[in-house]
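When a ligand or atom number is given, it counts from 1 through the structure's own listing order. If you read the sequence from its start, that first residue is 1, and numbering goes on from there. Every value quoted in this text rests on a predicted model; they were computed, and no experiment measured them.
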Amino acid sequence: MSQALADIQSRIAAAEARAGRAPGSVTLVAVSKTQPWEHIAPVLDAGQKVFGENRVQEAMERWGQRREGLELRLIGPLQTNKAREAVAFFDVIETVDREKLARVLAEEIQRSGRAPRLYVQVNTGEEPQKAGIAPGEADTFIAACRQTYGLAVEGLMCIPPFDTDPAPHFAQLRAIAERNGVEKLSMGMSDDFEIAIVEGATSVRVGSALFGSRNYG
Ligand SMILES: *Cc1c(COP(=O)(O)O)cnc(C)c1O
């Protein structure tokens, strides 16, 4: 039993209803990075199946022994030298953002015969410190993923700048998806997931509102 999970689920349902979206059209990705197991266990026990992690190694340590029946998503930046492990371990990689990574993922998918679903991360705020393809390069990059590397792009993902109105960023991500025929939108976190749902999110990535604030140490 997890009261926090029940609360987030009902807030998602309410936002779906307000936005005129079908019930259940938004997937909750529970972001378990850096959380102690005693925060995660009640959410897992309550039936949550989809979890997001920022780091390949940390995710494998946390989930490697209890992976069965779960969907694990990589939502943090991926280095090409970790691509092999990421392809082998994750069901979804949400942070494809450069040609070199697209090429290495394509090679690894070919080699291993295992194909995680892929999202392209867009740096909607064009922040230099943040990962993601620039919005002006997104169309070209999505086309390259598909045509040059033979990758299926399931969705787009963004992390709007801290302390700004996220709605225009979500709207921009949706516009990029629509004009490129991309189906899914991973957008919205603890502080803004309801806004993201109104703007068309198909999955929201919620960490601290579900598990408590993270201790980065
Ligand atoms: C940590 C993280 C989240 C969750 O953030 P909260 O504000 O704790 O909900 C979502 N998405 C990404 C990419 C993250 O790194």
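Grouping the Ile, Leu, Val, Met, Phe, Trp and Tyr side chains by contacts below 4.5 angstrom, directly or via other members, places V104 apart from I133. Residues I197 and L173 fall within the same hydrophobic cluster, defined by Ile, Leu, Val, Met, Phe, Trp and Tyr side chains chained together at heavy-atom separations under 4.5 Å.
Using a 3.5 Å distance cut-off with no hydrogens or angles, the side chains of S186 and E94 do pair a donor with an acceptor.
For ligand 1, none of its N or O atoms has an N or O atom of A209 under 3.5 Å away. Polar contact check, R205 against ligand 1: a nitrogen or oxygen pair lies under 3.5 Å apart.
Near N54, the atoms of ligand 1 lying under 4.0 angstrom from a non-hydrogen atom of the residue are 14 (C), 15 (O). Every atom of ligand 1 with a heavy atom of I75 under 4.0 Å away is listed here by number and element: 11 (N), 12 (C), 13 (C), 14 (C). Of all atoms in ligand 1, numbered sequentially from 1 with element shown, those under 4.0 Å from a heavy atom of S190 are 6 (P), 7 (O), 8 (O), 9 (O).
Taking D139 as the reference, I176, R179, N180 meet the side chain to side chain contact (heavy atoms under 4.5 Å, CB included) condition, with sequence neighbours excluded.
When Q121, K33, R73 are ranked by how near their heavy atoms come to atom 14 (C) of ligand 1, first place goes to K33.
Environment of CD in Q110: sparse, with no more than 12 heavy atoms of neighbouring residues, nucleotides or ligands closer than 6.0 Å. Around CD of Q79, the count of heavy atoms belonging to other residues, nucleotides or ligands within 6.0 Å does not exceed 12.
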Step by step, work out the salt bridge (Lys or Arg N to Asp or Glu O under 4.0 Å) result for K49 and E71.
CA-CA 6 Å; K49 300 281 187 223; E71 176 179 305; over 6 Å; no
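With a 4.0 Å cut-off on non-hydrogen atoms, I159 touches ligand 1 through its side chain and not its backbone. Residue contacts with ligand 1 for L210 are absent, since no atom lies close enough (heavy atoms, distance under 4.0 Å).
Residue contact check for ligand 1: V206 places a non-hydrogen atom closer than 4.0 Å to it.
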